[in-house]
There are 2 protein chains.
Amino acid sequence: MTSQHDEWRELGQQLRVDSVRSSSAAGSGHPTSSMSAADLMAVLMSKYLRYDFGTPDDPRNDHLIFSKGHASPLLYAMYKAAGAISDDEMLTFRTFGSRIEGHPTPILPWVDVATGSLGQGLPVSVGVALAGMKLDRLPYRVWCLCGDSEMAEGSMWEAFEHAGFHALDNLTAIIDVNRLGQTGPTMHEWDLDAYRRRAEAFGWKAIEIDGHDIAAIDRAFARAVETKGQPTVVIAKTEKGHGVKAVANLPGKHGKPLEDEAAAIEELGGMRSIHVEVAKPDFRGQPHEFPTKPLTVPSYELGTKEATRKAFGDALVALGKANGKVVAIDGEVGNSTYTEEFAAALPDRFFQAYIAEQQMVATAVGFQVRKWKPFAVTFAAFLSRAYDFVRMAAVSRANIAVAGSHAGVSIGEDGPSQMALEDLASYRAVHGSTVLYPSDPNQTAALVPQMAEREGIVYMRTTREKTPVLYQPGDEFHIGGSRVVRQTDDDAVTLIGAGITLHEALKAADQLAAEGITARVIDLYSVKPIDAETVRAAGRETGAIITVEDHWPEGGMGDAVLDALAEEQPHPVVVKLAVRIMPGSGTPAELLAAAGIDANHIADAARELTGRAAARGRSPVEVGSGRRE
Amino acid sequence: MTSQHDEWRELGQQLRVDSVRSSSAAGSGHPTSSMSAADLMAVLMSKYLRYDFGTPDDPRNDHLIFSKGHASPLLYAMYKAAGAISDDEMLTFRTFGSRIEGHPTPILPWVDVATGSLGQGLPVSVGVALAGMKLDRLPYRVWCLCGDSEMAEGSMWEAFEHAGFHALDNLTAIIDVNRLGQTGPTMHEWDLDAYRRRAEAFGWKAIEIDGHDIAAIDRAFARAVETKGQPTVVIAKTEKGHGVKAVANLPGKHGKPLEDEAAAIEELGGMRSIHVEVAKPDFRGQPHEFPTKPLTVPSYELGTKEATRKAFGDALVALGKANGKVVAIDGEVGNSTYTEEFAAALPDRFFQAYIAEQQMVATAVGFQVRKWKPFAVTFAAFLSRAYDFVRMAAVSRANIAVAGSHAGVSIGEDGPSQMALEDLASYRAVHGSTVLYPSDPNQTAALVPQMAEREGIVYMRTTREKTPVLYQPGDEFHIGGSRVVRQTDDDAVTLIGAGITLHEALKAADQLAAEGITARVIDLYSVKPIDAETVRAAGRETGAIITVEDHWPEGGMGDAVLDALAEEQPHPVVVKLAVRIMPGSGTPAELLAAAGIDANHIADAARELTGRAAARGRSPVEVGSGRRE
């Protein structure tokens, strides 16, 4: 073992040298945070990791996730040592156009998920490990390098809880306890027992070691691999900047290149060019496949009423039966979101996230790493808990579906804590996202299967209340489309709604029609991408648009419509009706009225607007609280 | 003790009966989740709580926070028993216009913060307790009733960690372990030891009891009050729906009224009208006051460069010295956000949140409960971690300042995980929020003191890079304003920027001026509220507006401008330049160019737009990747 240990020590030094070199070349980066974990990673890649760098998508590969993404110089040094990237490419670190980015992203084929927002890599690792155990049913292991600073994130403890609960013995977390955060000491510094007590309380096997003792690291990983029935955490006492006295265990050395690169390299024993032949995985297994049968989309009869949340639940079961890759994860509200139907029909592909929305989304991201098609589902309001995870999922180029029920004031009595009123804005502002807000159960059923096929973050907002079935079973709806529900040759105004407000718009159109005002009504069920052509045509043909949404005025459907019209000349007058006062409790009808987004307020706004068009120059008047003052 | 215990038992039954009655009257609500904790609360309000319901703002009052906000029927039953509300008002539960909302909000003067998004009440309680110990320096206690389901939220463990770290012996958490969540059993059901192990690992005193044993509850609370140097958690085994066989400890009974109200009341021993004289606090103490001196706003000389994040840090120290209520909380990045200056100058009012953004915002919310003026500060990207806390802070009518540094692609090499590109959208979509994005250090310094005076969630986005000083020290800037930086009588186009992009717009205006195209340039530092009049005037006078923002295209400054123009006739052409591709690493200049939001792209867009105006009818052409396709 001794000569092998010497080799690994040498490799650790090489990883340090290369971390110093790449960050010096870049003029920025986190070499000291890399140096602390270099010995841990040297042993891991030399003996324990089973990974074919030539076929990174092979389902049998292990997974290595740097939860402490700022230690990217170390990760890239490992890729170089493994022969995956050249030294030259490694030295393009942080330069424009290079895939060797400041923090790892899946632009590199060996990176599963983007990290750099601390506290996310371990939750995602739990998702990957859960996929290995319950979905793929393959013996790959997940290795996750964590920083000690990020142990302060609650999301790490959601991950500890879920990994312990699911007895994920295919998961090893490695905490690089280098004692120093960005600005100063961590809360627990080198009190390894503090981490051990917490980890054990959450059901993990915990192993404390000196993270620079190669033999101890070797033994710890061996024990991790042997441990059955629980996940393992290796709690490693390390020195930030280990190996270079000018920075080792010193404050003020976070996130910057070493001052004297040459001296540091010399102190580390100079450059090396060790190549590591990383062990290949066992190529015999194949991912488990779930049986399927042809898709039967649920249908709802005209004249009946149903909630889109229910249609979502029905459609998800139907999709799951037809597509063996589809998986559902719910935040302990399955009897409200109707994922309980999926849980009953397809229990092997249903995952209870309990009330841990961050872990719920992280699990989805982990599942899609392994090409599953996850749907993460809870009340739309509580998805805001996982917003950073969704943001990072976009950086990860992850393909996940997210559905939120109980949107807007129309949920009624439960009050504002349960009402999503910012979800359209927050999900529109996710790069590459899709935002759907169906108005009808058949439409919902048509869109759900498309969510599984679409790239990026695909969000669907559903309504708690039952609403009338508007469309025929089998009617076609596609992402990016809209439906003009009412139209004549001389429409005086256009009403644009989605979800609950489309139904209010239709009632308003009835009122207006009785007064001789013909209103076009557009169902804008695809908020992003928006059907800009239909919106623009309505603007040109009617000159007046009223948008109405069960959402704050900012960033939602109304703003999406304005964006589609930004360069139009001439430009229609656009009145945005939205929720502008903090709602309380009440019936859905009372709250829609109080918010100024019910049929009466829409009709009032339309009367005022068409009156204005008839007598240009009249100043606008206040028509409802949904309208700006 | 026995007769007293009998009285408390009777009170517990009354609280149950009233929980049943109010939710039956409402036709919805969570009586069973209230019944499990009724005995705990009966003992608490009878003997341990020290609270003057007549003067809820008295700084010496204890605080009672229902982290399990859905147990609102129990809370309202307690208010009735204390004489704070009438039986009639209690029975207005969940009706429109009533302050007895579905989940508690501070519309009621005895409610500190809105709850109902689980996992938030305990973190806020930690903030209040921290205020008691470190700021007010008063002996009030904080009592927090937690559900067992919400223990799955990572934010609860952030709270456990911080309370343990700060040795908050003025805090008592009570976990109502009723075993059943919304859809089924919790992860740990009645395994009280699971909670005890975790709590003890995080440094808490843990006491396990039968939550329906009045004597045991009494002893547990007595021990909690006696415990010094650590917070206490009372882990109480309870039955959901205790006292009524039709619902007790049964699945499927969550969040709905009892089927037979009359029978339940009879089984509970009938209605009672026990009045509890809740003990008053010790009125002798006064909140600590920190010494102050007159405000000296920092100043920056024309011709120099400085980053707005640095000006924010400077201004926060200046404000803190002048206003003894101002407190800073940072997410372990104080050397990047420059709150390190505040920490050095005013260490008694600086709080290290470590990398726990949810607890950071919750601490701020807790501090403002006690009328402190908290500034919660970290990288803007990582504020997304606490979005649900900010959403709920708005429901709480909380007054907090939040500042995020390192916005946009202009941070450069660190890459997208560290770039806030959705913060303007997400913060605009918070009810009653203010969104500031200063372009200049003197402007920043002028705005920071206004943040402390403003109601609601007041967000400031700052820039990492140093930018030229544009304004004189002492120039006035107010929230809701803007600054027209360039203007002539015949401007052909308006360029609107803020923060880093204002500087690019100014460079673009220079390019255009050299070609004879005069551009108006507006510094839209107040994104919400927006200076709509100035934007509209620019639209009328130039007919063409280019907005440019270091942010995704959705929901940010461009959408705010479009909203201000929605009803304008005639309407200017508006071109939105924004970040439309996922950035990587690079220099700030490279990334601004790649995003299509640098001076060259702005100038190109202006040339195209003014050319289009000169030849109406020409179709628009693509001018840069910042432009929509």
Side-chain angles (χ1 to χ4, degrees), chain A residues 28 94 96 101-103 114 116-118 149-150 152-155 157-158 165 181-183 187 197-198 201 332-335 354-356 358 384-385 387-388 391 395 413-418 422 425-426 428-429 431 552 554-555 559 562 566-567 569 571 573-574 576 582 584-586 590 620, chain B residues 28 94 96 101-103 114 116-118 149-150 152-155 157-158 165 181-183 187 197-198 201 332-335 354-356 358 384-385 387-388 391 395 413-418 422 425-426 428-429 431 552 554-555 559 562 566-567 569 571 573-574 576 582 584-586 590 620:
Chain A
S28 66
R94 290 175 165 248
F96 183 70
E101 294 189 16
H103 293 75
S117 180
L118 290 171
S149 280
E150 68 178 326
E153 288 283 12
S155 56
W157 298 103
E158 293 184 18
F165 180 71
Q182 172 174 330
T183 67
M187 198 182 265
R197 282 193 303 271
R198 287 160 175 74
E332 222 280 286
V333 289
N335 56 345
Y354 296 94
I355 305 180
Q358 296 183 105
S384 60
R385 200 59 152 272
Y387 192 44
D388 193 25
R391 178 183 78 87
V395 181
E413 290 78 3
D414 267 326
S417 64
Q418 320 292 302
E422 60 296 301
S426 58
R428 277 184 73 228
H431 181 64
W552 302 126
E554 298 87 4
D559 278 4
L562 288 174
E567 299 189 35
Q569 288 294 323
H571 189 288
V573 175
V574 180
K576 278 169 62 180
M582 181 61 73
S585 291
E590 286 168 338
Chain B
S28 66
R94 291 176 164 245
F96 183 71
E101 294 189 15
H103 293 74
S117 179
L118 290 170
S149 280
E150 67 177 328
E153 289 282 11
S155 56
W157 299 104
E158 293 184 19
F165 180 72
Q182 172 173 330
T183 67
M187 198 183 266
R197 283 193 302 272
R198 288 160 175 73
E332 223 282 286
V333 290
N335 56 344
Y354 296 95
I355 304 180
Q358 295 183 106
S384 60
R385 199 61 152 268
Y387 191 45
D388 194 25
R391 178 183 78 85
V395 182
E413 290 79 0
D414 269 326
S417 64
Q418 320 292 301
E422 61 293 302
S426 58
R428 275 184 73 228
H431 180 65
W552 301 126
E554 298 88 4
D559 278 4
L562 288 173
E567 299 190 36
Q569 287 294 322
H571 189 288
V573 175
V574 180
K576 278 170 61 179
M582 181 60 73
S585 292
E590 287 168 339

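Side chains are part of it too, since the values below use all heavy atoms of this structure and drop only hydrogens, waters and symmetry mates. Below, chains carry the letters A, B, ... as their sequence lines are ordered, and counting in each starts from 1.
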A/Phe165 and A/Tyr354 aromatic ring geometry - parallel, tilted or perpendicular at 30°/60° bounds =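 The rings of A/Tyr354 and A/Phe165 stand perpendicular, inter-plane angle above 60°.
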In the structure I gave you, are the side-chain heavy atoms of [X] and [Y] within less than 4.5 Å of one another anywhere?
X        : Y        : value
B/Arg428 : B/Asp559 : yes
A/Tyr387 : B/Ser426 : yes
A/His571 : B/Val574 : no
A/Trp157 : B/Arg198 : no

Between chain A and each of [options], count heavy-atom pairs under 4.5 Å; write down the option with the most.
options                                : answer
B/Glu332, B/Gln418, B/Glu590, B/Glu422 : B/Glu332
B/His103, B/Glu150, B/Glu101           : B/His103
B/Ser417, B/Ala429, B/Gly555, B/Gly586 : B/Ser417

task = Would you please test B/Arg385 and A/Glu153 for side-chain contact (heavy atoms from CB on, under 4.5 Å) and show each step?
result = CA-CA 10 Å; B/Arg385 199 61 152 268; A/Glu153 288 283 12; 3.6 Å; yes
With respect to chain B, which residue among [options] yields the maximal number of heavy-atom pairs within a distance under 4.5 Å?
options                                : result
A/Met582, A/Arg197, A/Met187, A/Glu413 : A/Met187
A/Gly181, A/Ser384, A/Gly334, A/Ala356 : A/Ser384
A/Gly584, A/Ser117, A/Ala114           : A/Ser117
A/Ser155, A/Gly154, A/Ser149           : A/Gly154

message = Under 4.5 Å from any heavy atom of chain B, what part of A/Thr183 do you find: side chain, backbone, both or neither?
response =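 Looking at A/Thr183, backbone and side chain both touch chain B.
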task = Answer with side chain, backbone, both or neither: which region of A/Arg391 has an atom nearer than 4.5 Å to a non-hydrogen atom of chain B?
result =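 The side chain, not the backbone.
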key: Point-to-point distance, once rounded to the nearest 0.5 Å, from CD of A/Glu158 to CD1 of A/Ile355   =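 It comes to 11.0 Å.
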